[in-house]
Amino acid sequence: MIKITFPDGSIKEYEQGITAYEIAQSISPRLAADVLAASVNNIVYDLDRKITEDSSIKLYKWDDEEAKKTFWHSSSHLMAEALEILYPGIKFGIGPSIEVGFYYDVDFGERQISEADLKNVENKMLELAREKQTFTRKDISKVEALNFFDKKGDEYKCELINDLEDGSITLYTNGLFTDLCRGPHLRDTSVIKAVKLTSIAGAYWRGNENNKMLTRIYGVTYPKKSMLDEYLVFLEEAKKRDHRKLGKELELFTFSQRVGPGLPLWLPRGAVLRERLEMFLKKVQKSYGYLPVITPHIGQKELYVTSGHYAKYGKDSFQPIHTPQEGEEFLLKPMNCPHHCEIYRNKPHSYKDLPLRYAEFGTVYRYEQSGELHGLTRVRGFTQDDAHIFCRPDQLKEEFCKVIDIVLYIFKTLDFKEYTAQISLRDPEDKEKYIGTDENWQKAEQAIIEASQEKGLKTTIELGEAAFYGPKLDFMVKDAIGRKWQLGTIQVDYNLPERFDLEYVGADDKKYRPVMIHRAPFGSMERFIAVLIEHTGGKFPLWLTPDQAVILPLSEKYNDFAKKVGELLNNYDIRASIDDRNETIGKKIRENEMKRIPFLLIVGEKEEASNSVSVRRQGVGDEGMVSIEKFVENINKEINEQFK
RNA sequence: GCCUUUUUAGCUCAGUUGGUAGAGCAGCUCAUUCGUAAUGAGCAGGUCGCGGGUUCGAAUCCCGUGAAAGGCUCCA
């Protein structure tokens, strides 16, 4: 007999060799039917795998991440089986589960598969699923494994096996398909009830662009048809919030082929939104002791040779601008820091001057690969809400903490709740990629980790994600369909002060090197606004939205009164305009509702007589008639509450 | 940059097997002067992304190229 410990701490005895599925059955048949995966001593286990020693066990149902992972991973095997039947001789790469669903990388050789073929594959998968195929696990030696896949012609699998250790290799078989796999898997395929293959894409083998590009098929499966339908509806809804779609509909920004890809054009409404965001941050920064600076959009090549950016990115950037003067070269600035370093160098600094915080909404230009451009989230010309803090080493942590405070204040004011904080450190395997001394890197990494802890941030640590000159703390936010984007960033840099030979005079009259912090709480205005659009679905907070109210005269007879109301509101700094088109009130309401105008103010005979407006709130409806003064009071009250 | 797909009026989209373009909305004009999500009529609007080719004839077929979308790689 062995002792099994459950998550609630209770212990039961079972016979040696019992399986997690049998344990679930012993508790209740209902549980056994719902359970999809299990973990034994914190290792995810097949439900039918024998448990041979005293263990603690957890049973996972659909709502548990582990169960979903197992479900989708098994689904990728099911898809592979279907593909192998439909396209014999194809070669397989890898086929993991992902956040939602799964994919499999496949080498179709000379053959091609198109989106139109996916329906066929889906049907085959459902057909195979109904066969109730079991997933059988088999331990196998490295030699045997190599033999098996070599015979099958699966060169990618052989490559994977070569990197594995003998004794740790397992195969899983479902139906006619056998795969190299660590598991775990479902008991059988019959629980897979709904299948949707979502897209086909290319993906380099092992993520290396020098390797062959395989065909990646993405899919998602569910244990119920209704769950798939729900997911598809969710995707449709998410598309409606896409900032590219809303940006067009709400007339915030546009692109022009003639201006060039990745170079957004801000329309009047978008420009107002952006200006208001800038004003908001400027005010916050002023209270934190930042000093505004302004620098040009280009700089001599020499500047970037000094900073080290030329060596790192020179070839992959916009190429130098030449002048009539032979040999003279300027570069579009890809970042603001070198300029700010030169501002620091403008005069000698005492230790008493520090920290110095230079802030600039600096527009920069980066030659992003064409395939990378994406709406406003990845562009070639964008404006960073940049600042560089020059401080003494002993001030570093405090300064870092203050920046975190600013970021958190912004997120709170704009109601961003779902963000993650990511600490990006050096790749310890590949230190060559980075510039700067080991000692400085360690100090900087330490400072970031400590500051994040002190601020109580929940962080993830990513090795190898640091910038080439220093580690960073990034705030990541998801877009409408779950893609992660980096917004705010805080980076410690010991390198640029060195390269620009920055110094300050200490109390002992000796010269010291300041530490530099790069920081951008929004990240870039473009990307931040993109994410803000998707989070709000275009319904921006009242203080921020370009048009707070639109006055709708019932007919031309009330245009004069509408104008009077508009002027009055503008005098109170309320952004109101008049829709005096010769259209029915119904149409004007509909269109302004769709433009997400927070307040529609309807004025007609009654309103003119009582010097008031009838308020209609976006998405809510008629809220009745109030005096103009009362409306102003209410709206201001609401705006003030948004800053608490 | 790579793979796949898309590209027709300002916007959203039709366009059958190749026979030189069509709707709704927006715009303009006129009528209407309206009480909480689309008033009616008329007019105008397109070298079918761009450049070649095949053909008597190309939005449609072929080649090249731009841009966009979904991924991959990249992201100072």
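Just so it is clear, the structure is predicted and the values come from calculations on it, not from any experiment. Throughout, protein chains are lettered first and strands after them, A, B, ... in sequence-line order, and every chain is numbered starting at 1.
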Within the 4.0 Å limit for protein heavy atoms, which parts of nucleotides 35-40 of chain B are touched? Write it as a string from 5' to 3', B for base, S for sugar-phosphate only, - for none. BBBBB-

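The partner of G18(B) is absent, by the rule that a Watson-Crick or G-U pair needs both atom distances under 3.5 Å. Across all strands shown, nothing is found opposite A58(B) as a Watson-Crick or G-U wobble partner with both distances under 3.5 Å. Using Watson-Crick or G-U wobble geometry with both donor-acceptor distances under 3.5 Å, A41(B) finds its partner in U29(B). Across all strands shown, C11(B) forms a Watson-Crick or G-U wobble pair with G24(B), both key distances being under 3.5 Å. Under the Watson-Crick or G-U wobble criterion, with both distances below 3.5 Å, G64(B) is paired with C50(B). Pairing partner, C72(B): G1(B), with both Watson-Crick or wobble hydrogen-bond distances short of 3.5 Å. Under the Watson-Crick or G-U wobble criterion, with both distances below 3.5 Å, U36(B) has no partner in any strand shown.
You'll find a donor-acceptor pair under 3.5 Å spanning the side chain of Tyr204(A) and the base of G1(B), going by distance alone. The base of C3(B) has none of its N or O atoms less than 3.5 Å from a complementary donor or acceptor on the side chain of Arg216(A). With hydrogens and angles ignored, no donor-acceptor pair under 3.5 angstrom links the side chain of Arg527(A) to the base of C75(B).
Residue contacts shown for Pro261(A) are limited to sugar-phosphate atoms, with no base heavy atom under 4.0 Å away. Among the atoms of the strands shown, only primed sugar atoms or phosphate atoms (P, OP1, OP2) are found under 4.0 Å from some heavy atom of Ala203(A). At a threshold of 4.0 angstrom between heavy atoms, the contacts of Ser317(A) include nucleobase atoms, whether or not backbone atoms are also involved. Residue-level contact check: Leu373(A) touches the backbone only, with heavy atoms under 4.0 Å from sugar-phosphate atoms and none from bases.
Remark: the separation of the C1' atoms in G15(B) and G24(B) is 15 Å, to the nearest Å. Going from the P atom of U60(B) to that of U17(B) covers 15 Å, rounded to whole Å. When the C1' atom is used for both G46(B) and U54(B), the distance is 25 Å, rounded to whole Å. Taking atom C1' in both G18(B) and C11(B), one finds a spacing of 29 Å when rounded to whole Å. Going from the P atom of C61(B) to that of U6(B) covers 10 Å, rounded to whole Å. The separation of C13(B) from U29(B), taken at their C1' atoms, amounts to 27 Å, rounded to a whole angstrom. G64(B) and C72(B) are spaced 26 Å apart, taking the P atom of each and rounding to whole Å. C25(B) and U16(B) have their C1' atoms separated by 26 Å, with the value rounded to a whole Å.
Contact check, Lys333(A) against A76(B): no side-chain N or O comes under 4.0 Å of OP1 or OP2. The phosphate of A69(B) (OP1 or OP2) has a side-chain N or O of Arg244(A) nearer than 4.0 angstrom. Distances shorter than 4.0 Å separate some side-chain N or O of Arg483(A) from OP1 or OP2 on G71(B). For His374(A) and C75(B), the shortest distance from a side-chain N or O to OP1 or OP2 is not below 4.0 Å. For the pair Tyr313(A) and A76(B), the criterion of a side-chain N or O lying under 4.0 Å from OP1 or OP2 is met. Residue Thr215(A) has no polar side-chain atom (N or O) positioned under 4.0 Å from OP1 or OP2 of C3(B). Contact between the side-chain N/O atoms of Gln112(A) and the OP1/OP2 oxygens of U4(B) is found at a separation under 4.0 Å.
Candidate nucleotides A67(B), C11(B), C34(B) were compared by shortest atom distance to the side chain of Gln257(A), and A67(B) ranks first.
Contact annotation: the side chain of Ser307(A) never approaches that of Tyr469(A) to less than 4.5 Å [non-hydrogen atoms, C-beta and beyond]. Residues Tyr558(A) and Glu605(A) meet the side-chain proximity criterion, which asks for heavy atoms closer than 4.5 Å. Side-chain contact between Trp485(A) and Phe475(A) is absent, with no heavy-atom pair separated by less than 4.5 Å. Inter-residue side-chain proximity for Cys341(A) and Leu502(A) is flagged as met; some heavy-atom pair is nearer than 4.5 Å.
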Checking ring pair (Phe, Tyr, Trp, His ring centres under 6.0 Å) for the pair Tyr358(A)/Phe390(A): CA distance, chi angles, key distance, verdict? CA-CA 8 Å; Tyr358(A) 295 140; Phe390(A) 300 88; 5.8 Å; yes

Take Phe631(A) and Phe599(A), measure what ring pair (Phe, Tyr, Trp, His ring centres under 6.0 Å) needs, and give me the verdict at the end. CA-CA 10 Å; Phe631(A) 174 70; Phe599(A) 291 106; 5.4 Å; yes

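Comment: Glu99(A) does not engage Lys484(A) in a salt bridge, judged by the lack of any side-chain N to carboxylate O separation of less than 4.0 angstrom.
Under a cut-off of 6.0 angstrom, the local environment of CD in Glu251(A) is sparse, with at most 12 non-hydrogen atoms contributed by other residues, nucleotides or ligands.
In terms of modelled atom types and a separation under 3.5 Å, the side chain of Lys588(A) and the main chain of Leu554(A) share no donor-acceptor contact.
Gln369(A) has its CD atom 14 Å from the C1' atom of A76(B), to the nearest Å.
Relative to the ring axis of Tyr367(A), Arg380(A) places its NZ or CZ within 45° and under 6.0 Å from the centre.
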